[in-house]
Participant: 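If you scroll down you'll find the structure; I have some questions about it.
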Amino acid sequence: VWQAVRNISKGRVFDEHFLMSVSTIGAFVIGEYPEAVAVMLFYQVGEFFQSLAVEHSRKSISDLMDIKPEYANLKTKDGIEVLDPSDVKVGDIVIAKKGEKIPLDGIVVKGTGSLDTASLTGETKTQDVKKDDQVLSGSIVLDGLLEIKVTEKYENSTVSKILELVENATDKKAKTETFVNKAAKIYTPIVLGIAALVAIFLPLISNVEYLTENGSIYRALIFLVISCPCAIAISVPLCYFSGIGKSSKEGILIKGSDYLDGIKDIKEIVFDKTGTLTKGQFTIDKVEVYGQLTKEQVLEYAVLGESYSNHPIAKSIIKKSNMEKYIAEHKEKVSSYEELVGKGIKYNFEGKVVLVGNSSLVEKEKEKSDSTKIYVKVDSEIVGAICLKDEIKHGTKAAIAKLNARGIITKMFTGDNTEIAEKIAKELGIKEVKSEMLPNEKYQELEKEIAKYENNGKVAFVGDGINDSPVLAEADIGASMGLNGQDLAIETSDIVIMDGKLSSFNKAINVSKRTKKIIMQNIYFALGIKAIVLVLGAFGISTMWEAVFADVGVTFITVLNSLRIFKK
């Protein structure tokens, strides 16, 4: 009753608190004390079970919250200093012992160990790490002792990003949920109006009296109790919350219930290639020489420039070249470094202008090749090219086949050359491919794809790089692959597939479809029971006890039904 009064003072008159209060007070007025108590008592029982259900569905999300590291062991000249992770700086060395959580993202500089990353990826298998391997905050050291050089501040670390996503996950409302809330504003006044008509006019057209045991006022009160929209108002948000919880348990972070609701309506998925369909870990197939330089000299020019870039290709070239010592000795001689989006890099070295990138950057005619070629141009001469090969991620072909079987159109937008793109698309069973695209061209093409469907379906884009951020933001559903992706890509996406496996996207579709199915079951069941008892109440057949069941009992059943989302 007090909640009803407070809501009325805030302008929210027509809600379940108001309906239940009117019904209870009315039942007291006509002397039906047991039934008046029952309305409130069973409503509280329903509220209790609702809170239990919410706590149950919250558990899988709160499990993620346990990944937050409470401290960091900072290595200093005087020994180990225990600090809050937010006080540790980039470049510091932290020590992670057996049983401890890794506090910040970093690179292993000493030691070997085995990590439990289940809370990050949803996968139960362990990860073995050694010197130079990247490790993510929130991972638990199962065995070994690691010295880790911090590469990200705490606020930019993996664990911090996950917690932020989870905490904000239910901020946005899905269309169905919004529809229910809007409908309640129309539905409740209509119900009150009909109840008033029953109370006032029923005695005028029949032998029913106003204040008798089964009189018109009593029947109107039954009408109010039955028509209370508790079951729908509670179960619909709970279904979405359960769906988000189930997804997080599967290693898929969904940033809001509107995105969970939208996944089931996807008609087309557009994929980036590098790092999404493929591992993004290129191997150097061979080094081609066109001028007087040696293969090693061509590689030296390439790695010097790429050492400033965060692009997957740049990282792969440096890793596979084993030229870290050369980079350390000559990196300071690099000046006027510039990244040319979609083309490559440009820098000055010892008075020479060096270009490292694709054929359009070095103004060379495109060549047919089954490998990715990174050309090196010094001043006006193309001195050589590095031929790279990338591997398709394990399980990607099967995941694409499932998407195709669902009737979802699969496409690839990539900046890579046509031969490579078409070869990979054919191998994976992707229906359509567009290659050699710049980021702005991807954006423009995606706009056209979205326009095709309007309100008849949604278009998803799946990527991982910083150059994917505009299209991830533009897509109806933007999904970033894995927590090793670029920060901006993760921030602008609507879904984060934490283990980086495309098969998880199919899991997200399954959760979305199941959530919608259970929501519709709850709505039809609640409205059906209410309609039956309403008709019986109007004819004086059902009592306040049946009305209480039609409200609280149905609410309880729909709440239990909502929790079935966790069963599969």
Side-chain angles (χ1 to χ4, degrees), residues 266-282 311-313 341-342 358-360 366 368-373 388-453 457-482 485-486 489 492-493 495 497 500-506 508-509:
I266 291 173
K267 301 293 184 186
E268 181 178 308
I269 301 180
V270 180
F271 299 97
D272 174 49
K273 181 182 75 70
T274 306
T276 302
L277 300 172
T278 63
K279 292 180 179 179
Q281 297 172 354
F282 292 86
H311 194 281
I313 290 179
V341 178
N358 59 25
S359 58
S360 63
K366 294 174 184 175
K368 287 190 175 183
S369 174
D370 62 353
S371 62
T372 299
K373 281 194 176 184
L388 303 171
K389 285 197 173 181
D390 194 6
E391 293 180 40
I392 292 172
K393 286 184 179 180
H394 178 71
T396 299
K397 186 173 182 179
I400 296 287
K402 285 185 179 179
L403 292 171
N404 289 334
R406 291 179 186 270
I408 295 174
I409 298 169
T410 53
K411 296 186 179 183
M412 181 203 297
F413 288 177
T414 179
D416 212 338
N417 75 55
T418 303
E419 287 75 19
I420 295 173
E422 288 182 349
K423 179 183 177 184
I424 289 176
K426 185 177 180 181
E427 186 174 342
L428 292 176
I430 291 175
K431 303 297 183 184
E432 187 179 322
V433 59
K434 293 190 177 182
S435 54
E436 300 179 20
M437 302 178 78
L438 296 174
N440 63 307
E441 292 173 335
K442 286 185 181 182
Y443 185 91
Q444 291 164 2
E445 285 298 319
L446 189 69
E447 276 188 320
K448 294 177 185 176
E449 298 299 323
I450 292 170
K452 287 180 187 176
Y453 295 95
K458 296 189 181 296
V459 176
F461 184 88
V462 185
D464 76 323
I466 193 168
N467 61 320
D468 294 327
S469 300
V471 277
L472 284 169
E474 171 66 13
D476 295 322
I477 305 289
S480 55
M481 293 288 283
Q486 297 288 335
T492 54
S493 60
I495 302 171
I497 298 173
K501 294 182 179 179
L502 200 56
S503 57
S504 293
F505 205 96
N506 275 300
I509 294 173

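What you see below is based on every heavy atom in this structure, not just the backbone, and it leaves out hydrogens, waters and symmetry mates.
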Participant: Please examine the side chains of I392 and I424, heavy atoms only from C-beta on, and report whether any two atoms are closer than 4.5 Å.
Facilitator: yes

Participant: Quick check for you: to the nearest 0.5 Å, what is the distance between D476 atom CG and I266 atom CD1?
Facilitator: 8.5 Å

Participant: Check the pair M481 / K393 against side chain to side chain contact (heavy atoms under 4.5 Å, CB included), numbers first and verdict last.
Facilitator: CA-CA 12 Å; M481 293 288 283; K393 286 184 179 180; 4.2 Å; yes

Participant: CD1 of I408 to CD1 of I269: how many Å apart, nearest 0.5 Å?
Facilitator: 4.5 Å

Participant: Side-chain contact test, heavy atoms from C-beta onward, threshold under 4.5 Å: evaluate it for K411 versus K434 and give yes or no.
Facilitator: no

Participant: Give the minimum heavy-atom separation between I497 and S504, together with the two atoms involved.
Facilitator: CG2-CB, 3.5 Å

Participant: Rounded to the nearest 0.5 Å, what separates atom CD in E445 from atom CD in E441?
Facilitator: 8.0 Å

Participant: Name the residue from K402, K501, R406 that meets the side-chain hydrogen bond (donor to acceptor under 3.5 Å, both in side chains) definition with N506.
Facilitator: R406

Participant: State, to 0.1 Å, how close A421 and V433 come at their nearest heavy-atom pair, and which atoms those are.
Facilitator: CB-CG2, 3.8 Å

Participant: List the atom of A479, the atom of F505, and the distance in Å for their closest heavy-atom pair.
Facilitator: CB-CE1, 3.7 Å

Participant: Does the side chain of I400 reach to within under 4.5 Å of the side chain of F271, using non-hydrogen atoms?
Facilitator: yes

Participant: With E268, which of E449, E432, K458, K431 fulfils side-chain contact (heavy atoms from CB on, under 4.5 Å)?
Facilitator: E449

Participant: Could you tell me if the side chain of I509 sits less than 4.5 Å from the side chain of L403, heavy atoms only?
Facilitator: yes

Participant: Assess whether side chain to side chain contact (heavy atoms under 4.5 Å, CB included) is satisfied between D390 and T372, documenting all intermediate values.
Facilitator: CA-CA 8 Å; D390 194 6; T372 299; over 6 Å; no

Participant: To the nearest 0.5 Å, what is the distance between CG (D272) and NZ (K442)?
Facilitator: 4.0 Å

Participant: Nearest 0.5 Å, please: how far is CD in E422 from CE in M412?
Facilitator: 9.5 Å

Participant: To the nearest 0.5 Å, how far apart are CD1 in I430 and NZ in K273?
Facilitator: 10.5 Å

Participant: Contact between F413 and V471 at the side-chain level, heavy atoms closer than 4.5 Å - yes or no?
Facilitator: no

Participant: Apply side chain to side chain contact (heavy atoms under 4.5 Å, CB included) to the pair K267 and I409, showing each step before the final yes or no.
Facilitator: CA-CA 6 Å; K267 301 293 184 186; I409 298 169; over 6 Å; no

